[in-house]
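Take a look at the structure set out below.
Numbered from 1 within each chain, the chains take letters A, B, ... in sequence-line order. In this text, all values refer to a predicted model and were calculated from it rather than measured experimentally.
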Amino acid sequence: MTDLLKAVEAKPNEKIPELRPGDTVSVHVRIKEGDRERIQEFKGTVIRLRKGGNEASITVRRMASNGIGVERTFLLRSPRIDKIVVERHNVVHRAQLYFMRGRTGKSARLKQKFD
Amino acid sequence: MLKGLIGKKIGMTQIFDEQGVAYPVTLIEAGPCYVTQVREPQSEGYSAVQLGFAEVNPKRLTSGELGHLKTNELPPLRFLREFRAKDHDLKVGDKITVAEAFAVGERVDVIGVSKGKGFAGAVKRHHFHGMNATHGTSDRNRAPGSRGSGTTPGRVYKGARGAGHMGMDRVTTQNLKVVLVDAERNLLGIHGAVPGPKGGLIMIKEARKQ
């Protein structure tokens, strides 16, 4: 039965590397405006990573102007996602980084992980 | 062609269209079904087609069931269900597959047997509100309250809603959209939820209210 569920899954996007919570990423999303298509970048920290075939998703948080946090959830198998670039790995000790929501400025920094 | 099939619920997932819109989809392993009997107005008084689904070890069927299938040289089939159909050119022994019966974009009604909930209270079964959490209420938070009047009539009217067995009912969900037809794997993808547990028997018909 599970094989049949897997049969209708979309192919994984090859331009999405392996992601981890805490990564600083820039997500390139295809956006349709009328009949024109352009690519928009959304850069931030992965605060949640959900696995599971067609339902796999990440939530990316970034600080917009005036210190307002913006979070967007992207479905990783969606054809709207062009690619994802991992800009740096960070040291985190949690799977879900919801504590970042309460932090701004200096306390919202994460330590870079080199590997 | 008859717009009806018997199938087995596989489970839910989500699929994307070309624009990237994600749809919640229930997958059904639908067919192939065999026509096991054609009912005619002259002989039975109404028109219908009996379909059979799921080949099974002949030991699991009664000799009556086997005899019914054997006269028409059909394989042993576990489930037989009737579909009302007037204008069709089906004969006993015909095979119906998903691709023949349904196409992407069509509307269907889906019939299943809902998940059994056992003996359920009035709050769960009929969406009663229950009682206060505070203001002196003790041990009565999910009680149904009064079921009727006092000495007159001195009894509870028949049909008053209360606790009792819930689920395991035949449920029809109307007007669902077909979003996927996979002829190779006999798969049917339907937008939205479908009654019953995974592995449950499902009947799919053309939508009555389109």
Legend entry - Heavy-atom neighbours of N132(B) CG exceed 12 at 6.0 Å: yes
Legend entry - Heavy-atom pair of closest approach, residues Q14(B) and N54(A): O-ND2, 2.5 Å
Legend entry - Closest approach of E18(B) to P79(A) (non-hydrogen atoms, all atoms of both residues): O-CG, 4.2 Å
Inset, instruction - Give, as side chain, backbone, both or neither, the part of V25(B) having an atom under 4.5 angstrom from any heavy atom of chain A. - result: neither
Legend entry - Crowding at CZ, R38(A) (>12 non-hydrogen neighbours, <6.0 Å): yes
Legend entry - Per-residue contact mode, I15(B) against chain A (heavy atom under 4.5 angstrom): both
Inset, instruction - State, to 0.1 Å, how close S78(A) and G20(B) come at their nearest heavy-atom pair, and which atoms those are. - result: OG-O, 3.9 Å
Inset, instruction - Inspect the surroundings of CZ in R88(A) and state if more than 12 heavy atoms from other residues, nucleotides or ligands are less than 6.0 Å away. - result: yes
Inset, instruction - Verify the neighbour count for atom CG of D17(B): are there more than 12 heavy atoms of other residues, nucleotides or ligands below 6.0 Å? - result: yes
Inset, instruction - Return yes when atom CD of E184(B) has more than 12 non-hydrogen atoms of other residues, nucleotides or ligands closer than 6.0 Å, and no otherwise. - result: no
Inset, instruction - Answer with side chain, backbone, both or neither: which region of R77(A) has an atom nearer than 4.5 Å to a non-hydrogen atom of chain B? - result: both
